[in-house]
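Every chain is numbered from 1 and lettered A, B, ... according to where its sequence line falls, protein lines coming before strand lines. It should be emphasised that the depicted structure is a prediction, and the values quoted were computed from it without experimental measurement.
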2 protein chains.
Amino acid sequence: MTMSTSSGGRSGRRRGTTQTREAIVVAAQTQFAEVGYDRATFRSIATAAGVDPALVVHFFGSKEQLFHEVMKLPAGLAGAIVDLAQGPRAEIGRRLAEVIVAGFENPASQRIIVGRIRSASQHPEAAELVRQAVAGDLARLTAALDVDQPDVRAVLAGVQVVGIALARYVVRVEPLASMPAERVIELLAPVFQRLLVEPLT
Amino acid sequence: MTMSTSSGGRSGRRRGTTQTREAIVVAAQTQFAEVGYDRATFRSIATAAGVDPALVVHFFGSKEQLFHEVMKLPAGLAGAIVDLAQGPRAEIGRRLAEVIVAGFENPASQRIIVGRIRSASQHPEAAELVRQAVAGDLARLTAALDVDQPDVRAVLAGVQVVGIALARYVVRVEPLASMPAERVIELLAPVFQRLLVEPLT
DNA sequence: GTCTATAAGCAGATAGAC
DNA sequence: GTCTATCTGCTTATAGAC
């Protein structure tokens with residue numbers, strides 16, 4: 001076995017710094033999600049990652065670039081949404097609710113989703129990312145469904161997503177904030193079902 | 001006629017400074033709505049009001065107090081929501097949509113609603129105000145309706161309100177951002193109707 | 001790769017002149 | 001009531017030592 005002492009991952013970037021860099025990535029995502037773009041400072045991110053503030057600058061150059069690098073969603077999520085058009089239409093509301101809530105509840109994607117939404121009111125790129133998710137990924141789903149007013153349906157579904165995220169994770173309104181994920185899916189499913197494939201009026 | 005040279009309003013505060021103070025109030029509301037709590041600085045507010053920055057401090061003491069004073073909703077709006085319980089239940093969804101959208105479209109209350117929601121991700125008091133509107137005003141409406149799960153219904157209706165506000169006025173997702181108010185009412189009415197009085201599952 | 005020192009700018013808030 | 005001057009602290013970002 002020629003495997004070296006460091007951890008896995010053959011492809012991509014060089015060895016050595018990758019561990020520290022990953023700690024910074026997670027710390028930055030967490031800070032953006034918890035306090036938003038403006039209040040997530042190099043210092044607070046570095047402290048959370050247990051590194052020196054200058055190191056964050058050294059790796060990412062500027063705060064804008066740091067946000068850009070760190071707020072990319074795993075490619076699977078957008079794809080999972082569009083793929084819903086393939087399955088049975090009678091349950092598409094529930095299946096969309098499951099995909100969305102799964103994204104919310106997974107810690108890695110939750111940091112990114114909440115970070116985007118919490119920063120959307122402060123940083124133009126964050127607003128653009130939210131806009132793309134709503135008018136992009138969801139619109140591709142409704143377009144594939146061959147229903148009337150696909151853009152209106154997509155934006156109304158998007159309203160649910162950003163509304164739930166804001167109320168549950170940012171503002172923390174009860175009883176939504178403490179609700180089990182399964183209950184959120186149950187409540188969202190019929191709303192999505194109507195907005196996606198049933199008559200709108 | 002003994003009416004003096006100054007403008008109307010017999011009751012309340014003394015004359016003289018009230019004009020400048022009102023200009024600061026509107027400028028502060030506008031800034032909070034457009035750029036949020038952190039980026040709405042004494043300097044930017046003063047510039048927008050055409051006054052000296054120190055004057056803003058002189059009138060309101062601190063930034064927190066300024067936000068507190070200026071983000072109070074006209075008492076009528078919360079009352080109008082609760083009063084909806086009195087009218088015909090078959091149209092309660094549309095009537096709630098009309099009240100909400102009227103609040104959004106009136107410039108004075110729009111500055112406050114959007115200011116609260118845009119600042120909710122940055123300032124704890126702003127988040128608290130949003131929480132009160134959702135779990136307070138809307139919950140009093142659902143409690144008066146004598147339906148099952150009033151708190152869940154209230155928070156789901158609140159999700160619509162904050163979701164629409166965020167998507168239409170903060171993130172500006174199309175086609176929602178450019179949609180006429182009447183169309184927004186049409187789209188919201190059936191959603192509210194179901195969330196308020198129809199079976200949830 | 002990691003850290004110290006520091007530059008340059010803007011924030012909220014205070015003191016006091018007029 | 002209005003404005004000038006200023007204090008203190010924090011921000012992003014750079015230069016350069018080790």
- Message: Out of the candidates B/F60, B/Y37, B/F42, only one should pair with B/F67 under the ring-ring contact (aromatic ring centres under 6.0 Å, His included) rule; please name it.
- Response: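 Exactly one option meets the ring-ring contact (aromatic ring centres under 6.0 Å, His included) with B/F67, and it is B/Y37.
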Give me, pair by pair, the N or O atoms of the protein and of nucleotides 15-18 of chain C that are less than 3.5 Å apart, along with how far apart they are.
none

[X] [atom1] to [N] [atom2]: how many Å, rounded?
X: A/H58; N: C/dA5; atom1: NE2; atom2: C1'; result: 17 Å
X: A/R21; N: C/dT2; atom1: CZ; atom2: P; result: 12 Å
X: A/D52; N: D/dA15; atom1: CG; atom2: C1'; result: 14 Å
X: A/L55; N: C/dT4; atom1: CG; atom2: P; result: 12 Å
X: A/Q31; N: D/dT12; atom1: CD; atom2: P; result: 11 Å
X: A/F60; N: D/dA13; atom1: CZ; atom2: C1'; result: 16 Å
X: A/F59; N: D/dA13; atom1: CZ; atom2: P; result: 17 Å
X: A/I24; N: C/dG1; atom1: CD1; atom2: P; result: 11 Å

If only side-chain N and O atoms count, and only distance matters, is there a donor-acceptor pair under 3.5 Å linking [Y] with [X]?
X: A/E69; Y: A/Q65; answer: no
X: B/S178; Y: B/E174; answer: yes
X: A/E91; Y: A/Q193; answer: no

- State, yes or no, whether a side-chain contact exists between B/I100 and B/I81 at a heavy-atom distance under 4.5 Å.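 B/I100 reaches B/I81 side chain to side chain.
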- For A/D146, does the CG atom have more than 12 heavy-atom neighbours from other residues, nucleotides or ligands under 6.0 Å away?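 It does not: A/D146 CG has 12 such atoms or fewer within range.
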Pairwise N/O distances under 3.5 Å, protein to nucleotides 11-13 of chain C:
from	atom 1	to	atom 2	distance (Å)
C/dG12	OP1	B/K63	NZ	2.8
C/dG12	OP2	B/F42	N	3.3
C/dG12	N7	B/R43	NH1	3.3
C/dA13	OP2	B/K63	N	2.9

- Item | Non-neighbouring partners of A/R168 that pass salt bridge (charged side-chain N to carboxylate O under 4.0 Å, His left out), sequence neighbours left out |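 Testing A/R168 for salt bridge (charged side-chain N to carboxylate O under 4.0 Å, His left out), a comparison that skips the adjacent residues, returns A/E105.
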- Donor-acceptor pair, side chain of B/Q122 and main chain of B/R118, under 3.5 angstrom: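 Such a contact is found between B/Q122 side chain and B/R118 backbone.
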